[in-house]
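Here's the structure, in structure tokens; my notes come after.
Letters A, B, ... are given to chains in the order of the sequence lines, protein chains preceding strands, and every chain is numbered from 1. We use all heavy atoms of the structure for the numbers below, so side chains are in, but hydrogens, waters and symmetry mates are not.
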2 protein chains.
Amino acid sequence: MFEARILQGSILKKVLESIKDLVTDANFECTANGFALQAMDSSHVSLVALMLRSTGFDHYRCDRDVTMGMNLLNMSKMLKCADNDDTITMKADDAGDVVTFMFENPKADKISDFQMKLMDIDTEHLGIPDTEYEATVKMSSNEFQRICRDLSSIGDTVTIAVTKDSVKFTTSGDIGEANITCRRTSDGDMKEEKVKTEEDGEKVHNTKSSEGQNVDIDLQEPVTLTFALRYLNSFCKATSLCENVRLQLSKELPVVVQYLIEDMGYVRFYLAPKIEEEDADES
Amino acid sequence: MFEARILQGSILKKVLESIKDLVTDANFECTANGFALQAMDSSHVSLVALMLRSTGFDHYRCDRDVTMGMNLLNMSKMLKCADNDDTITMKADDAGDVVTFMFENPKADKISDFQMKLMDIDTEHLGIPDTEYEATVKMSSNEFQRICRDLSSIGDTVTIAVTKDSVKFTTSGDIGEANITCRRTSDGDMKEEKVKTEEDGEKVHNTKSSEGQNVDIDLQEPVTLTFALRYLNSFCKATSLCENVRLQLSKELPVVVQYLIEDMGYVRFYLAPKIEEEDADES
DNA sequence: CTTGTTCAAG
DNA sequence: CTTGAACAAG
């Protein structure tokens, strides 16, 4: 028996809004550890990884591991029937060919339950290597969304160039070219911060970031990579999940676009860069 | 000569918005008593009854009864030309082949008048029996709208089951099933309220309802009926007219969905239930 | 968080 | 052209 109750149902709604356009069908893996999903988009260019840890739920019970194959569009339809301030409970028995979504409003005078048939989806469970990235950029998720949206009105791809002090987004198209450069917010603070980070671990770093640190760059090696804006714009639907987005880049590796979900986990999107030689093939 | 002036023109606009998709042409009956309409929708499945009492108008004059046959789409087009805070005056002389809509903005520095040709529409004036209903549900019109909209993303019909303590809305479709249960808000208050209603008439009852009474059920007999969501969703366009909606149900009778228009009257929609044996025919 | 408005998609 | 989604304001 699997049962997971999340007080703030809007989180689950937002998560599905952010991935349902990318992936049509996917297996949710329910374990004692949490509620997780990994799936490639239908064109096999991008990958989404969701983790909602069991500790982040209001109530969580998972007697044995369950795989729930769902059509994300249908799941999203049902979640849309929940109010943003509803509590959402997901349930499946071990036989597990049906999932139940239960919505309760805060006053508990309206209770809805929605049943959806589960599907058999065979997927190769893609192990994602835990790489060290050459560049890590943390910035306002709103700003990142704005940049991706703005640039897609000019071109189809964006080249992201990360240096020690800035991240530059570049595109070009029929009507012209565009460069958007975001400087790392404060050089002095950053150096100090880095020292502290090494001493005290990630925590100081995070605290600093939330204190008006707009762009935060952690660089081993300058990186320049090109991506399809179409996918980045899709990823940006997760913007409302988190104030900040983290981009991780390494030469010839997929970018990782991560939105943290407070106290619960994350949504991560992976997108392979365009290889220059392949540009002709992609168009 | 007929002349009716309503200060809050938005009411008339909303009324037309709520019925124009249901009924294409209809006769408005103008009498000393008020401005009324009864018409079946084009598929003869539902019926709309509108009453705007003369006492609710800012100015009302009706020397002799007039029947004004109008195309509601055209009437609605004209009313859309009125601002929401405009005063609307309707006029017809006794010859009566033309109706005039006059719009005045509050500052009285903009006055519009629109003339529309009337039509001859022959309708059997359907007498609607004043039935005692087995179940009466009063609830937030917003919530009712939300429920009907949500359920139509799952199925085409809704089964409404009213019991002493709750009203349950159920549907099912290809992707699954859904139940939404609204509990009668507070049992203790309800009983007290009923007594007061008998003593002091309807007024106390209404006052109570607006004080956070979400769902109010008056039951002679538990009722379960099934309706086409398409029509209910159409009825719900009247939601902005009134905070609360009243549903009246009896076995094998059309449901009455009523929106009160404060100090003026009501819009009522009637919809015949689906009979089980007919389900096959309907698909 | 609700409402109104505006924009895009079917 | 109609309807749903995104945005902004209260």
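- Nucleotide D:dA5 holds its P atom 13 Å from the CG atom of A:Leu79, rounded to whole Å.
- The side chain of A:Lys80 lies closest to D:dA5, out of C:dC1, D:dA5, D:dC7.
- Outside the 6.0 Å centre-distance limit, the rings of A:Tyr231 and A:Phe269 are not counted as a close aromatic pair.
- Taking the side chain of B:Asn142 as heavy atoms from C-beta on, and the options C:dC1, D:dC7, C:dT3, the nearest nucleotide is C:dT3.
- Within the 4.0 angstrom heavy-atom criterion, no nucleotide atom of any strand lies near A:Lys237.
- Rounded to whole Å, the distance from CG on A:Asp21 to P on C:dA8 is 17 Å.
- One atom, NZ of A:Lys13, and another, C1' of C:dC1, lie 12 Å apart when rounded to the nearest Å.
- Rounded to whole angstrom, the span from the NZ atom of B:Lys77 across to the P atom of D:dC1 amounts to 9 Å.
- D:dT3 atom C1' lies 13 Å from atom CD of B:Gln145, rounded to whole Å.
- Here C:dC1 presents its P atom at 6 Å from CG of A:Asp85, a figure rounded to the nearest Å.
- Put simply, NZ on A:Lys107 is 14 Å from P on C:dC1, counting in whole angstrom units.
- Whole-Å rounding puts the A:Gln8 CD to C:dC1 C1' distance at 13 Å.
- B:Glu104 has a carboxylate O that lies under 4.0 Å from a charged side-chain N of B:Arg5, or vice versa, which qualifies the two as a salt bridge.
- Salt-bridge annotation for A:Asp21 and A:Lys237: present, with a side-chain N of the basic residue lying under 4.0 Å from a carboxylate O of the acidic one.
- For the pair B:Met40/B:Val23, no side-chain contact is recorded, criterion being any heavy-atom separation below 4.5 Å from C-beta on.
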